[in-house]
Each structure stands twice: as structure tokens, then as C-alpha cells.
Amino acid sequence: MKKIEISKPGSLYRHLLMPIVLVVFFFTFYLVYEDVKDRTIKEFSNEQQMLAKTAAKGIESFFDVSRSNLAFLSQFREIQESTDESEVLMNNFFEVHRSLLSAITRVDSTGVIIYTYPHNQSVIGNNISYQAHIRQILETRQAVISDVFITEQGFPTVAYHVPIFHGDTFAGSLALLIPMDELGKLYLGEIKIRGTGTVWLVSEDGVDIYSPGTQQSNKLLLAKTVDDTTTVELLKEIDKEGIGTTRINENYITYCRVPLGNTYWTIFISFQEDDIYAALKQLRNRMLLVFSLLFISISYYFYSISKVRKFLKEEAKRKRIEKTLLESEEKFRKIFEDHAAMKLLVDPSNGVIVNANEAAARYYGWSREELKQMKFDQINTLGPEEIHKTMEKVRTGSMNKFEFKHRRKDGSVRDVEMYTSKIMIRSKYLLHSIIHDISERKRTEEALIRAKKKAEESDRIKSAFLANMSHEIRTPMNGILGFARVLRYQKLSGKKQQDYIRIIEKSGERMLNVINNIIDISKIESGQMKVSCSLDNINRHLDELYSFFIPEAEKKGIELHYTKNLPDEKAFVNTDSDKFHAILVNLIKNAINYTQKGRIDFGYNIKGEILEFYVKDTGVGIPEDRQQAIFERFIQADIEDTMTFQGAGLGLAISKAFIDMLGSEIRVESELGIGSSFYFTLPYNFKSKQEISVQDMDPVEQGKLQIAELKILIVEDDEASGLLIIEMLRNYCKDILKAKTGLEAIEMCRQNPDIDMVLMDIQLPEMNGYKATQEIRKFNRDVIIIAQTAFALSGDSEKARDKGCNDYISKPIKREKLMEIINKHIGYNFS
């Protein structure tokens, strides 16, 4: 009958343990996954904001340059008086810049079109003063950007008007008609959109004015979402912030406001959660990568053909206007010298700089006369042969846009973007170059590349960690479930039964260690891990660690040695006992895992007021390039031969975090095939034995006291856990009381003031264990209360004492540990 009473609670406990472990595992897995997802969303959002900001700067710069060009043209008398020469100037300007223009127009002071190029007789003479932007420039006489409108050819266009003054008299305006498709393609077309995301440009009035690859809707953004109040909130946020990312329904919207003088546009980049989650699916990513590379290759092929054809057409048109350009050489010289952009004229035959404008002289630091005596290779960091090849590309028309590193007079080197074309001056071909400083843009691009590589490396390491974690959970689970079934269905001898039970216990301890490591690393990352220091005997820790690990070391045939260089009465330091113990446990366990033969030494040396602790092994060793990486969390999952060793790859990361919290640092010395040595330090200020409180005494010493048999109250709502504790204490207690709720525990303590000890579960119905403890302390300050919980988080021991408990024990409860705690607080000798 006795046999039945003992085995029944154990069987029930095993069945209840499985779902608890599975719930904890899946909850932990969910936390890790949510962390990866949140980081991915944040990095993705930052990337989109950077792209939108770059595009916005490009559009703003384009209109600044356009305004500068129009303002410069408006200073010519021919333009102000609308002479025949003004038509030649406008025609020449348009031909040079036609890649981003659809027309150039001259309007008089009453709003009548005087001239337009390309020539369109049907609009010359029309009064367009009824148009909103014409009315605005007539009233304000300031530069105006119009709303987007549809031209007669059927494509969206924006007009940019700059006022013209003849002396102090307003003489009308000069306007550029800019096709939105070309402008949007130039600055928004470079934005890389993932998955189902879209990018579009919206005017100040909320009108969609450009989106690559789609037909223009020209509808108000608010009109599309009349019932969606989140859109109104988004527009308010844009007015307030200017740039940012928000979420509307299932979409993430990145926005960036583009100020344009009299108006503003807004860039939107939309992407869905599915596009972000796709980054977490390796297989789909690989397939997308293959198809994306194929698509990009084909697109680039046709794009290259299109660019070549376009360049050939441009070249043919350029030859037709060369005669006109020769007649306007003096006017070109003035435009060249006074232009706001940096410009150079270079002789391709010998690389001599023929001319440079004032903007170039200010930028490079040499005077114009000094630049004219220099060669192009004196400012370009490329060698003479590479520069010659570049000039040859311009001469043959195969390329006209370059990125170089240019050297300035002060020795600094800057990244520049250079647009170069051939022009004929006095029957000689020269290279006309327009130069822009792109150093800031290059730094931004490099930062994005580094961030992308870092994100990809983080994803790879975490994916490897999750795979390793699955192995670490499933392996002990296999041992537990497998041998549990064997014990249930097969008739076994007593020895085999005990062997199988030991295997189940060892597998459970291994799985519990994995779960504890995951919880510790989560608390470290969230900043919830606290330090609680007290006076502690380090020799006692070393004795316990040696006793604990010597069976495992002997089983592998490894010699285990330890050294104590202080007598027990002087071996006290002020530190966090739990963290100090965990550091040494992780380091010794790591040494045993990676040592196949030889010996392991641990201990400490005295160095003045410092104790240097060490763990040395003769194991496999660590490559020099990995000796810092091993302290990063998840890193063991990234080692190729990690499956030959047990562990989730968190032990060293946790040890380093604990050592940092204690104000010290860890270092490693290792050589492949020879072994590894780990070191860390603690401050040592000796306190005499008389200063040590009774709480610092070894529990075994306190246990020598003898008292009568005990009366213990067990507060536990889980029947299996309660029965297990009763079986552990049955032979040592005169009376065992039971309560299932916090309220029952309070009432029993009131009715039984002679209770020696309360084993208080924390998670209880109606009232939790901490609250019940505080209520009991109001009328009984002497009863010993021990907190017990299945959470087993670092710092719970300190929390239990703060709430009024005398001590703390974590589940699953081991008989030896329970006896030790009772021995410590009541002085009962169980030997």
C-alpha cells in the first residue's frame, strides 16, 4: 500500500510537468520572435526614411538649380525686351537642358504668352492670366511653382515661373515646363520598394502627382479615404513633423515633406507588414533574390539600350545646334563664368584645364589663373591612364556621367559627381564638365550598406540560434518522454528503473538550464536584472563547485583541480552571491564541454586589493578571430561544429553581462589545440570573522543545533507539488498543515500560532503569496516563511525578502536544497 501512495503523486507530477514545460518554451519562443520582428520593422522604417529624405533633397536641389538658371537668363536685355535674340537664347537653353524639360515659355506682364519653345503657334498670344499660378506671379512678382496640370499631349506637367524686371519695371515671367514623369522617374524611380509597397508624390492640396509604374489618378488623397480618419491624422502629423513613419491599417507609411518656395510636395512610401515578415523567411528570400536578380539583369539590359539610343539622339541634335552655339560663344562664356555650379573646360588631347569658373575656384581653393595652368590629373585622384580612358568615353559618346574623388588645395579629398559633354569652341572640341559635391550622399549610402550588412548578419545568427535552441529543447524532451514511456509500459528491474529515472532527472535539469538561460538573457536585454551584494565566503563556493562538477569530470576522464589562496576565515568578499556563483558555473561547465582529455583548473590569486579568478582547461581552444565574438549572445549557434557540444550558446554571454554588472571585466587567453583560460576580478577588502553576521555562516554549521520536530504549513494550489513536498518532509515533521489559497494560509496562521515554518507558493488563487506573506507579518513577525515559485528568475530571492519572506526556493524543488534551507533557518539536523 505504501508503494502505491509514493508512485501515484510522482506519476501525476510527470504528466503535469510536460504541458508546463511546453507552455514556457512556446512563450519564450514567442518573445524571441517578437523581438526579431520589432527590430526588423524599425530597421526597415529607418531605411525608407533615408531613401525618402535623399529623394526630397534631390527634388529641392533640382528646383534650386532651375531657379538659378532662369534668374540668370532673365538678366539678359534680350530676354527683358523680348527681342529676336531672346528666342535664340531660350532655344539654346532648352536644347542643352531638354532631358528634363518639355518647353520654355516667355509671358508678358499681363499674362499673355509671347514666345514658347518648342515652337507652338497655337498658344503664342494666348492670355493665361486666369491660371492660378499666373495670377500669383502677377500679384506677388515672386518665383512660383504651379499645380500639376495635363498638357495637350496628355502627360502631367508642372510650370516654374521666375519674374523678369526691366530696370525696376515688371516685364512678365520666364517659365520652364517640367514633365512630372521625367522628374519623378529621376528622383523617385531610384527608391527601392519591397514587396507590395508603393511610392508616390502628393501636392500641397493632397493631389497624387506621380507614382512610378502607375497611371496618374489626379485625385485628392483625402477623397480616396473619406471615412478613414487616420488619413487626416497623417496629414496633421506631416505638417508637424515633416518626416517620419506611421501605420494606417495594415500599411506602414513613410513620409517626407519637400519645401518648394510657394508650395510644398510630400513623398510617401507605403509598405505592408507582409513585406517586413518576408525578411524572416529564408526560403522565400532566396527565391525572391534569384528572381529579383534576373529581373534586374533584364531591366538593366533594356535600360542600357534605351540610354544608348537616347544618348545617340541627343548627340545628333547637339550637332545640329553647334553652328548656333559658335555664334553665341561670348554669351556662353558669360553663362559659364557666372554660373552657380562648378564648371571646368578641359582639353581631351592633353588633359589641360582650359578654363574654370569662380564657383570651381572657390571650391578647389586655387585661383582661376592657377587652375588654367594645371592638368586635370592634378585634381583627380585617378592616374593619367585612367583619366585618358574616361576622356575617351566622353569623346566616343559612350558615357557622360562620372563619380570621382577630387583633391583640393588644402589636401582634402572629396567625392564629386561630374556631368561631361563635348562642345566646340573656335573649331576645337573641349570637354564641358559640371561638378557637384556628393560627399554627404556617399557617406549616407555607405552607412546604409553597413546597416544592411549588420541586419543580415544579425538575422543569420539569430536564425542559427533558433535552430540550435530547437535541438537543445527537443533532445532532453526526447529523453524525458522516451524513458517515461519505457517506465510506464515495460517491466524493469530495480537497477534499470533507477538508471532511467536518473536519465529523466538529468534531461529535465538540462532543459531547465536552457530555459533559465533564455529568461536571464531576456532580463539582461530589457534592463530588469538587478545587483544585490552581500558578504559571501568564496571558499565555500569553490568547495561546492568542485563537489558538484567532479563526478561529471571523472566520467569524461578529466582531472579537476581547484586552488584557494585564502584561509576560510579571511575568504569573504562583498558581491552578488547568485551572480558570482553563476559566472563560475558557466565557465567550468563550458570548460568541461570543450575538453576531451587533460585537466581543468579553477580558483583565484591575490593581487593586492584584487582577487583574480580563473578557469583554465586543456580543451580544443578558440581561434584568435573568435575570442571576442564568443561573449556575444547566440554566438555558439554560429560555430560550424557547435552540434558536437551541448548548450544554447548563452552561458558566456550571461557570464560577461553579470561580470559587467559587478564592475569587472572578463578576458580570455586561448590557443587552438592547447586550451583556454578565462579571467575576471573582484575587489577584496578583508573583514574579520567578528564582523561577519550569523547570516553569513555556513548552513551546515548552523545545522548542528537541535530542536524539536517541526510543524509546517504548506501553501500550494497544485496538488502534485503539494504531495511531493509532503513526501519530502513526512519523516521530519510532527504536523503538516495544507492550504490552497492565500486567504486560507492567513487564517491557518491565525489559528495555529505555533507553526514553525510556512512554505508559501507565490502564484495562488484569490491572493498571491507575497500579499499573503505581508498580511501574516502584521500579526506574526517570528514564523519562518519560505517563498517557492516556478518562475526561477534572477532577482526573485531579493524580491521575496523585500516582501517579508525569510528565504526563497525555486521549482522543481530538490529534497537536498529544501533540507538545507530548513537547516539554515530552524537549525534542524536531518542527518
Side-chain angles (χ1 to χ4, degrees), residues 498-499 501-510 512-513 516-517 534-573 575-595 597-605 611 613-619 646-647 651 654-655 658 678 680 682 692 695-704 728 792 797 807-810 812-825 827-831:
Q498 292 303 313
D499 289 342
I501 290 173
R502 279 193 293 272
I503 292 174
I504 291 174
E505 289 178 342
K506 186 173 182 180
S507 298
E509 290 174 354
R510 176 177 170 187
L512 186 63
N513 182 63
N516 286 339
N517 280 345
S534 62
L535 206 61
D536 197 17
N537 189 302
I538 57 175
N539 281 359
R540 178 168 60 86
H541 282 284
L542 266 59
D543 292 335
E544 291 177 358
L545 290 171
Y546 179 80
S547 299
F548 182 79
F549 283 111
I550 188 63
E552 188 174 353
E554 290 178 346
K555 185 177 179 181
K556 292 186 68 174
I558 301 170
E559 296 180 29
L560 184 65
H561 301 272
Y562 73 110
T563 302
K564 301 182 296 184
N565 285 318
L566 285 171
D568 289 350
E569 63 271 12
K570 294 185 177 182
F572 288 89
V573 295
T575 187
D576 188 311
S577 178
D578 291 341
K579 292 179 177 58
F580 171 75
H581 193 82
I583 292 166
L584 285 176
V585 166
N586 284 331
L587 293 178
I588 297 171
K589 185 185 298 181
N590 201 61
I592 292 175
N593 283 345
Y594 287 90
T595 301
K597 60 181 180 178
R599 62 182 287 161
I600 295 172
D601 292 276
F602 67 95
Y604 59 88
N605 292 314
L611 296 183
F613 294 86
Y614 61 85
V615 177
K616 302 178 181 181
D617 64 65
T618 58
Q646 294 181 1
I654 293 172
S655 295
F658 285 173
F678 291 83
F680 69 96
L682 288 178
I692 301 169
Q695 291 183 351
D696 295 317
M697 291 175 60
D698 192 305
V700 176
E701 293 297 321
Q702 297 184 36
K704 292 180 180 179
M728 290 179 179
S797 177
D807 213 328
Y808 161 91
I809 186 170
S810 62
I813 295 174
K814 294 182 179 181
R815 179 182 178 280
E816 295 78 5
K817 183 64 177 178
L818 180 58
M819 299 300 113
E820 180 183 329
I821 290 178
I822 296 176
N823 195 15
K824 173 181 177 182
H825 291 282
Y828 191 86
N829 193 339
F830 292 97
S831 58

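Computed from a predicted structure; not experimentally measured.
- The shortest side-chain heavy-atom distance between Tyr546 and Ile588 does not fall under the 4.5 Å cut-off.
- Remark: Leu611 CG to Thr575 OG1 distance equals 10.5 Å, nearest 0.5 Å.
- For Asn565, the side-chain contact (heavy atoms from CB on, under 4.5 Å) test picks out Thr563, Tyr604, Asn605, Ile606, with sequence neighbours left out.
- Applying the ring pair (Phe, Tyr, Trp, His ring centres under 6.0 Å) criterion to Phe678, with sequence neighbours excluded, gives no partner residue.
- Of all heavy-atom pairs between Asp617 and Ala591, the closest is OD2-CB, 3.7 Å.
- Leu560 is listed as a side-chain neighbour of Phe602, based on a closest heavy-atom distance under 4.5 Å.
- Proximity of a side-chain donor or acceptor of Thr618 to a complementary backbone N or O of Lys597 within less than 3.5 Å is detected.
- Residues satisfying the salt bridge (Lys or Arg N to Asp or Glu O under 4.0 Å) test with Asp576, not counting sequence neighbours, are Lys579.
- Using a 4.5 Å cut-off on side-chain heavy atoms (C-beta onward), Val615 and Asn590 make no contact.
- Here CG of Leu545 is found 5.5 Å from CG of Leu584. Values are rounded to the nearest 0.5 Å.
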**Item:** Intermediate values then yes/no, side-chain contact (heavy atoms from CB on, under 4.5 Å), Leu587 and Phe613
**Value:** CA-CA 11 Å; Leu587 293 178; Phe613 294 86; over 6 Å; no
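- Scanning for side-chain contact (heavy atoms from CB on, under 4.5 Å) contacts around Pro567 gives Glu569, Lys570, with sequence neighbours left out.
- Residues that satisfy the ring pair (Phe, Tyr, Trp, His ring centres under 6.0 Å) test with His541, not counting sequence neighbours, are Phe580, His581.
- Checked against side-chain contact (heavy atoms from CB on, under 4.5 Å), Glu559 has the following partners two or more places apart in sequence or in another chain: His561, Arg599.
- Annotation: side-chain contact (heavy atoms from CB on, under 4.5 Å) contacts of Lys556 (sequence neighbours excluded): Ile558, Ile592, Gln596.
- The closest donor-acceptor contact from the side chain of Asn537 to the backbone of Asp568 lies under 3.5 Å.
- When side chains are defined from C-beta on, Val585 counts as touching Phe549, because their heavy atoms get closer than 4.5 Å.
- With Asn586 contributing its side chain and Ala582 its backbone, the two residues share a donor-acceptor pair below 3.5 Å.
- Asp543 is linked by a side-chain hydrogen bond (donor to acceptor under 3.5 Å, both in side chains) to Tyr562, Lys564, counting only residues two or more places apart in sequence or in another chain.
- Ser577 and Asp536 make their closest contact through OG-OD2, 2.9 Å (heavy atoms, listed as atom of the first residue, atom of the second, distance).
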